[in-house]
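Take a look at the structure below.
Order of the sequence lines fixes the chain letters, A, B, ..., with proteins taken first and strands second; residue numbering starts at 1 for each chain.
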There are 2 protein chains.
Amino acid sequence: MTIACTNCPLRKFDIFDEMTQDELDFMQTFKVGELVVEPGAPLLMEGSNSPQLYTVLSGLGLRYKLTPDGDRQVINFVFPGDFLGLQAGVMSEMGHSVEATTRMTLCVFDRTHFWQVYTEMPRRAYDLTWLAAVEEHFLGESMVALGRRDATASVAWALVRVAQRMEALNLVTGGAMAFPYRQQDLADALGLSLVHTNKTLARLRERQLATWSEGTLTVHDMIGLAEVGQVDIESPPVRPLM
Amino acid sequence: MTIACTNCPLRKFDIFDEMTQDELDFMQTFKVGELVVEPGAPLLMEGSNSPQLYTVLSGLGLRYKLTPDGDRQVINFVFPGDFLGLQAGVMSEMGHSVEATTRMTLCVFDRTHFWQVYTEMPRRAYDLTWLAAVEEHFLGESMVALGRRDATASVAWALVRVAQRMEALNLVTGGAMAFPYRQQDLADALGLSLVHTNKTLARLRERQLATWSEGTLTVHDMIGLAEVGQVDIESPPVRPLM
DNA sequence: CGAGTATTTGATGCAGTTCAACGCTCGTGG
DNA sequence: CCACGAGCGTTGAACTGCATCAAATACTCG
């Protein structure tokens, strides 16, 4: 027995748009089921044309691209509420791969009905565009981190963004949150080497800004960290939930 | 007197999706007019909420973000056929600024009718999502260039992508095309310093791969250039024209 | 207990930044 | 008509942030 959209555990968070009963019912007709995957499981592959689209109900993942010579660029971290597979839905090819980092629960939609959203529920179609636009917005910010910030600022930026998103999902307790990635993942996200990422994290720790060890990230001084990372302190925008 | 959508000079290029007469008529009802701007003119500002959306009819521009300390990250180059302002249309804030590099002619749409696209012409709404998704796709690729490639590969990648887009617009003659940006623009797009960009371009020139001087880019050896830049040689995907 | 994975730390080298200077072109004003 | 300055491209030299190499520690798990 799967969760009805009406009872979706994510709906209670302020970060997600309200939905009318009509919209909930409509989404329900799309929902094929739920999928639970183990850490490391591939969800979507770059270049593939997945028949399924997902909304993350719980757990964390990674979006990434591999280069011909084996390097990996992490595009971003995947959080609950994220919608996966939009690129495959609209173009018919993913521009990146997605894999689970922790165990994840996913709400599964059938891609063959994708077009119906546009013909039958314009409001939801608008939301899909919105999601793509937010992603574009975020990647623009990431490009600034990669292209124009030094390692310290870059790492600080990433940690702030993560903390903000976690906060919006109520996953932060007294500055601490589960962040079960490897340092290599962060390094690959910021275009840094593992070694330098490690040393940069150590410096942020010494400066009493943030500590990340054993899968737990603790932000000791959000103001200071945001300053180092040149980030505005603001909660993430309210976003649609598919 | 403005150009009717039916006679839009861009439609003849294979890179753009076919449109039905219905769609053309519909777009026509949106079109407010045409705008001609001079080089350097700002078109959209980061953080602003533009009342207008544009399709580029001719000319070239730049999307970019500025950092608090005055650095600039160029997000990408703007070509004819590009749709500007989608982020402002759907969220209500641009994530980056856009300015004209050459004189540009723009087809102007009124943002207040944006929502009508979703209620009245689902096919076009779908195209909007498509545009946002392609942009996301491209930015993912850019992140690989910034994060995981050295300067030589990065520059080669950018030149190949530019050449491919120019080719699709029939703006290439015997490997040569107008490319009226400054080296600083390319440097800001790739997260490199001006000096190093200059030296990297010089090396690509010596290697007989590509020459860019006096506003003209000439690709001497596309195969070789694509190899250095680790790019697949393929024409850009067919895209919707708004 | 040994193999595999992740974090940490030190040492060395280089790709790319920064600084500085020069040449060219073009527009402007005296 | 020439002088001057601004913008852009080019080149050399010195410096440095980060990558790379190497190795030790700590865990987990079969």
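Taking the charged nitrogens against the carboxylate oxygens, A:Arg149 and B:Asp71 have no contact shorter than 4.0 Å, which rules out a salt bridge. B:Asp82 has a carboxylate O that lies under 4.0 Å from a charged side-chain N of B:Arg63, or vice versa, which qualifies the two as a salt bridge.
Following rounding to the nearest Å, A:Asp185 (CG) and C:dT5 (P) show an atom-to-atom distance of 14 Å. Per the geometry, CD belonging to A:Gln183 stands 10 Å off P belonging to C:dT9, to the nearest Å.
For the residue pair A:Gln52 and A:Arg111, no side-chain donor N or O sits within less than 3.5 Å of a side-chain acceptor on the partner. B:Glu93 and B:Gln87 are not linked by any side-chain donor-acceptor pair at a separation below 3.5 angstrom, with hydrogens and angles left out of the test. For the residue pair A:Gln73 / A:Asp188, no side-chain donor-acceptor distance below 3.5 Å is found, with atom types taken as modelled.
Here the side chains of B:Leu43 and B:Val37 are in contact, with some heavy-atom distance below 4.5 Å.
Residues A:Lys199 and B:Leu194 both approach DNA chain C. Their nearest nucleotides, taken by heavy-atom distance, put A:Lys199 toward the 5′ side. Comparing A:Asn198 and A:Arg148 by the nucleotide of DNA chain C whose heavy atom lies nearest to each, the residue mapping closer to the 5' end is A:Asn198.
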Please write out the pairs of protein N or O atoms and N or O atoms of nucleotides 13-16 of chain C separated by less than 3.5 Å, giving the distance to one decimal.
residue: C:dG16; atom: OP1; partner: B:Ala151; partner atom: N; Å: 2.9
residue: C:dG16; atom: OP2; partner: B:His196; partner atom: NE2; Å: 3.2

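Screening A:Leu35, A:Thr55, A:Thr2 for a side-chain contact (heavy atoms from CB on, under 4.5 Å) with A:Val108, the sole residue that qualifies is A:Leu35.
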Query - From CA spacing to verdict: salt bridge (charged side-chain N to carboxylate O under 4.0 Å, His left out), A:Arg161, A:Glu141 - result: CA-CA 11 Å; A:Arg161 280 285 178 246; A:Glu141 220 184 288; 2.7 Å; yes
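Protein chain A contacts DNA chain D over a range whose 5' and 3' limits, counting nucleotides with an atom under 4.0 angstrom from a non-hydrogen atom, are D:dC18 to D:dC21.
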